Peer 1: 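Would you mind keeping the following structure in view while I ask a few things?
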There are 2 protein chains.
Amino acid sequence: MSGDAGPLVRKLESIVELAPEEREGLRTLPLTIRDLRPQQDIVHEGDRPTQSCLVLEGFALRYKLVGGHRRQILAFHIPGEIPDLQSLHLKTMDHSLATLTAARIGFIQHRALHDLMARHPRLTGVFWRETLIDAAIFREWMVGLGRRRAPARIAHFFCEMFVRLDAIGLAKDRVIRLPVTQEELGDALGLSAVHTNRSLQELRSQNLFTFEGGRLVINDWEGLKRAADFDPLYLHQGSGGDAP
Amino acid sequence: MSGDAGPLVRKLESIVELAPEEREGLRTLPLTIRDLRPQQDIVHEGDRPTQSCLVLEGFALRYKLVGGHRRQILAFHIPGEIPDLQSLHLKTMDHSLATLTAARIGFIQHRALHDLMARHPRLTGVFWRETLIDAAIFREWMVGLGRRRAPARIAHFFCEMFVRLDAIGLAKDRVIRLPVTQEELGDALGLSAVHTNRSLQELRSQNLFTFEGGRLVINDWEGLKRAADFDPLYLHQGSGGDAP
DNA sequence: CGCCCACTTGAACGTGTTCAAACGTCGTGG
DNA sequence: CCACGACGTTTGAACACGTTCAAGTGGGCG
């Protein structure tokens with residue numbers, strides 16, 4: 001079954017302009033679409049995939065386990081992103097990929113991606129760039145994990161998700177869908193669930209945002225940015241990408 | 001002045017096999033060579049470089065400052081690596097690059113790299129892959145920063161540096177040059193210098209290694225790996241890259 | 001109604017930080 | 001040759017941030 005890679009085109013065009021043939025090439029990428037349930041593994045550490053996954057709807061995440069039961073979430077992925085694009089050139093997965101929410105995922109054979117890039121060499125740079133932005137986000141998270149205290153880490157994460165979702169049109173007037181439990185937040189930010197909870201309370205007392213029921217509402221963008229020490233430069237969204 | 005990109009070829013060939021023309025193309029890359037002193041900034045956050053840096057001799061590091069004086073070191077780079085290859089596609093630097101030790105650095109114009117890849121399309125994948133391994137190392141560091149305690153973080157770092165240096169022939173019988181102060185170690189691992197010192201003592205009492213005078217000697221590789229929970233898979237060195 | 005799950009709270013504990021001072025080595029200059 | 005300063009390392013003590021364990025709350029859904 002083949003489907004619509006629209007979200008991919010929208011995501012890429014939020015940064016670079018595409019030629020009509022390139023857009024067409026992307027749109028007609030042979031996709032195998034599957035609807036997955038929440039918390040379902042897609043690719044596992046050690047696998048050697050022959051395809052990559054395009055998030056069409058919902059959220060995905062990448063993680064690594066250490067010591068068997070401690071989990072570090074490495075990234076959250078939103079519609080239009082290809083979380084395991086790196087498997088194009090790194091044959092073995094060094095981490096796992098799973099859905100966060102129910103999600104519609106499009107699977108693309110590596111061969112199809114290589115063919116597409118051979119036909120439209122400029123797209124190579126576009127995809128490469130996507131993986132570089134991925135790495136830039138890792139770097140920023142490293143700074144958070146290593147050098148920011150819990151409340152700032154949380155605030156920073158909220159800023160990032162808002163800017164990213166806004167860039168693809170999924171922020172509606174200061175509100176985004178962010179269906180992340182406090183435990184997942186902790187696993188992403190290197191915190192225990194308990195401390196995540198307490199740090200959230202501390203932030204809530206400042207009325208910077210409302211975070212409940214999987215929705216994040218920004219009440220005070222400037223204040224949140226300040227609490228987070230947030231500078232969107234690392235997201236490399238041409239404009240500078242500042243929002244509300 | 002032009003010079004020898006030998007270390008680059010050696011580094012790339014430690015993973016993929018290159019065709020003679022490709023090797024030749026790499027060797028004749030127009031390089032501007034400069035000898036830099038220790039702790040010298042090369043590119044700064046916010047810059048928009050038109051060239052990338054190849055480490056020929058010595059060590060380089062990438063870092064980010066937060067709150068003005070707290071530093072997170074993001075990566076250490078060894079001969080043959082191009083620390084800011086990402087600037088090929090991300091125009092603005094989101095972090096800084098500096099020397100760790102005295103170092104010989106070759107500067108390569110982006111144009112020259114683009115031309116080379118246009119002539120030898122397979123090299124595009126090779127360079128892309130380098131940036132993907134970079135990202136894989138970031139991911140592993142995130143796990144350390146978020147989920148490992150201080151001694152394991154240090155042990156893990158030692159394992160990684162040993163394997164990487166060994167892969168390019170810079171490990172001599174269980175010994176590597178690792179000219180990193182305890183403060184720099186802390187900045188890389190998200191620790192204070194004091195706690196780094198105490199954790200090092202704890203590790204020393206296990207006789208896994210000797211670390212002094214900028215040299216690391218591995219006494220018990222298996223023991224060190226165990227203490228670090230180290231699995232070299234994430235370095236993506238074809239063979240599996242296990243050493244002493 | 002009852003269960004599950006996420007969130008919340010409390011209390012004790014532990015890892016890591018901060019501040020301050022001292023030690024040793026090495027290179028410089030008197 | 002020795003004094004001095006710089007720098008990295010080491011130590012101590014008080015403190016803070018974050019963890020762990022355990023129990024309790026509350027809403028949603030079968």
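Every value quoted in this text rests on a predicted model; they were computed, and no experiment measured them. In the text below, chain A, chain B and the rest are named by the order of the sequence lines, each starting its count at 1.
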Peer 1: Are any of the side-chain nitrogens in B:Lys64 or B:Glu45 under 4.0 Å away from the carboxylate oxygens of its partner?
Peer 2: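 Answer for the salt bridge query: no.
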Peer 1: Measuring centre to centre across the rings, with the benzene-like ring taken for any Trp, is A:Tyr63 within less than 6.0 Å of A:His77?
Peer 2: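 Aromatic pair excluded; centres sit 6.0 Å or further apart.
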Peer 1: With nearest nucleotides of DNA chain C determined for A:Phe211 and B:Arg148 from heavy-atom distances, which residue corresponds to the more 5′ nucleotide?
Peer 2: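 Its nearest nucleotide lies further toward 5', so the answer is A:Phe211.
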Peer 1: So what does A:Ala193 hit on the nucleic acid, given a heavy-atom distance under 4.0 Å: a base, only sugar-phosphate, or nothing?
Peer 2: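 No contact.
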Peer 1: Under 4.0 Å, heavy atoms only, any strand: does A:Arg204 hit a base, just the sugar-phosphate, or nothing?
Peer 2: sugar-phosphate
Peer 1: Any side-chain N or O of A:Arg70 less than 4.0 Å from the OP1 or OP2 oxygen of D:dT20?
Peer 2: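 True: A:Arg70 side-chain N/O within range (under 4.0 Å) of D:dT20 OP1/OP2.
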Peer 1: If you check the A:Arg198 side chain, which of C:dG10, D:dA13, C:dT8 turns out closest?
Peer 2: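 For the A:Arg198 side chain, the nearest candidate turns out to be C:dG10.
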Peer 1: For A:Leu185 and D:dG18, what is the distance between atoms CG and C1' respectively, to the nearest whole Å?
Peer 2: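 Value for this atom pair: 16 Å.
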Peer 1: Across the strands shown, which category fits A:Arg149 at heavy-atom distances under 4.0 angstrom: base, sugar-phosphate, nothing?
Peer 2: sugar-phosphate
Peer 1: Once the angle between the rings of B:Phe230 and B:Trp221 is folded into 0 to 90°, is it parallel (under 30°), tilted (30 to 60°) or perpendicular (over 60°)?
Peer 2: perpendicular
Peer 1: If you look at every strand shown and take non-hydrogen atoms under 4.0 Å, does B:Ser192 touch a base, only sugar-phosphate, or nothing?
Peer 2: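 It contacts base atoms.
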Peer 1: Measure the distance from CG on B:Leu191 to P on D:dG18 and round it to the nearest whole Å.
Peer 2: 14 Å
Peer 1: Please give, in whole Å, the distance from D:dC17 P to A:Arg153 CZ?
Peer 2: 13 Å
Peer 1: For the side chain of A:Val194, starting at C-beta, report the closest nucleotide among D:dG12, C:dG16, C:dT9.
Peer 2: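 When the side chain of A:Val194 is considered, C:dT9 is the closest of D:dG12, C:dG16, C:dT9.
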Peer 1: To the nearest Å, give me how far apart CD (A:Glu183) and P (D:dT19) are.
Peer 2: 12 Å
Peer 1: What's the closest nucleotide to the B:His195 side chain, out of C:dT17, D:dC21, D:dT9?
Peer 2: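 For B:His195, the side-chain atoms sit closest to C:dT17.
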Peer 1: Nearest-Å distance, CZ (B:Arg147) to C1' (D:dT20)?
Peer 2: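 About 13 Å, once rounded to whole Å.
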Peer 1: I want to check one thing: is the phosphate of D:dT9, taken as OP1 and OP2, less than 4.0 Å away from some side-chain N or O of B:Asn197?
Peer 2: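 Looking at the OP1 and OP2 atoms of D:dT9, neither is under 4.0 Å from any side-chain N or O of B:Asn197.
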Peer 1: Expressed as a whole number of angstroms, how long is the span from B:Leu189:CG to C:dT15:C1'?
Peer 2: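 Distance check: B:Leu189 CG to C:dT15 C1' gives 15 Å.
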Peer 1: Pick base, sugar-phosphate or nothing for B:Gly190, based on heavy-atom distances below 4.0 Å to the nucleic acid.
Peer 2: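 Sugar-phosphate only.
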Peer 1: Let me know the distance between NE2 of B:His69 and C1' of C:dT18, rounded to the nearest Å.
Peer 2: 11 Å
Peer 1: Taking CD from B:Gln39 and C1' from D:dA6, how many angstroms apart are they, rounded to a whole number?
Peer 2: 15 Å
Peer 1: May I ask you to evaluate whether B:Gln201 reaches the phosphate of D:dT9, defined as a side-chain N or O under 4.0 Å from OP1 or OP2?
Peer 2: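 No, because none of the side-chain N or O atoms of B:Gln201 sits under 4.0 Å from OP1 or OP2 of D:dT9.
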Peer 1: Any salt bridge linking B:Asp187 with B:Arg70? Criterion: basic side-chain nitrogen under 4.0 Å from a carboxylate oxygen.
Peer 2: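 The answer is no: the pair does not qualify as a salt bridge.
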Peer 1: Mind checking whether A:Phe138 and A:His95 have ring centres under 6.0 Å apart?
Peer 2: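 Distance test on ring centres: not under 6.0 Å, no.
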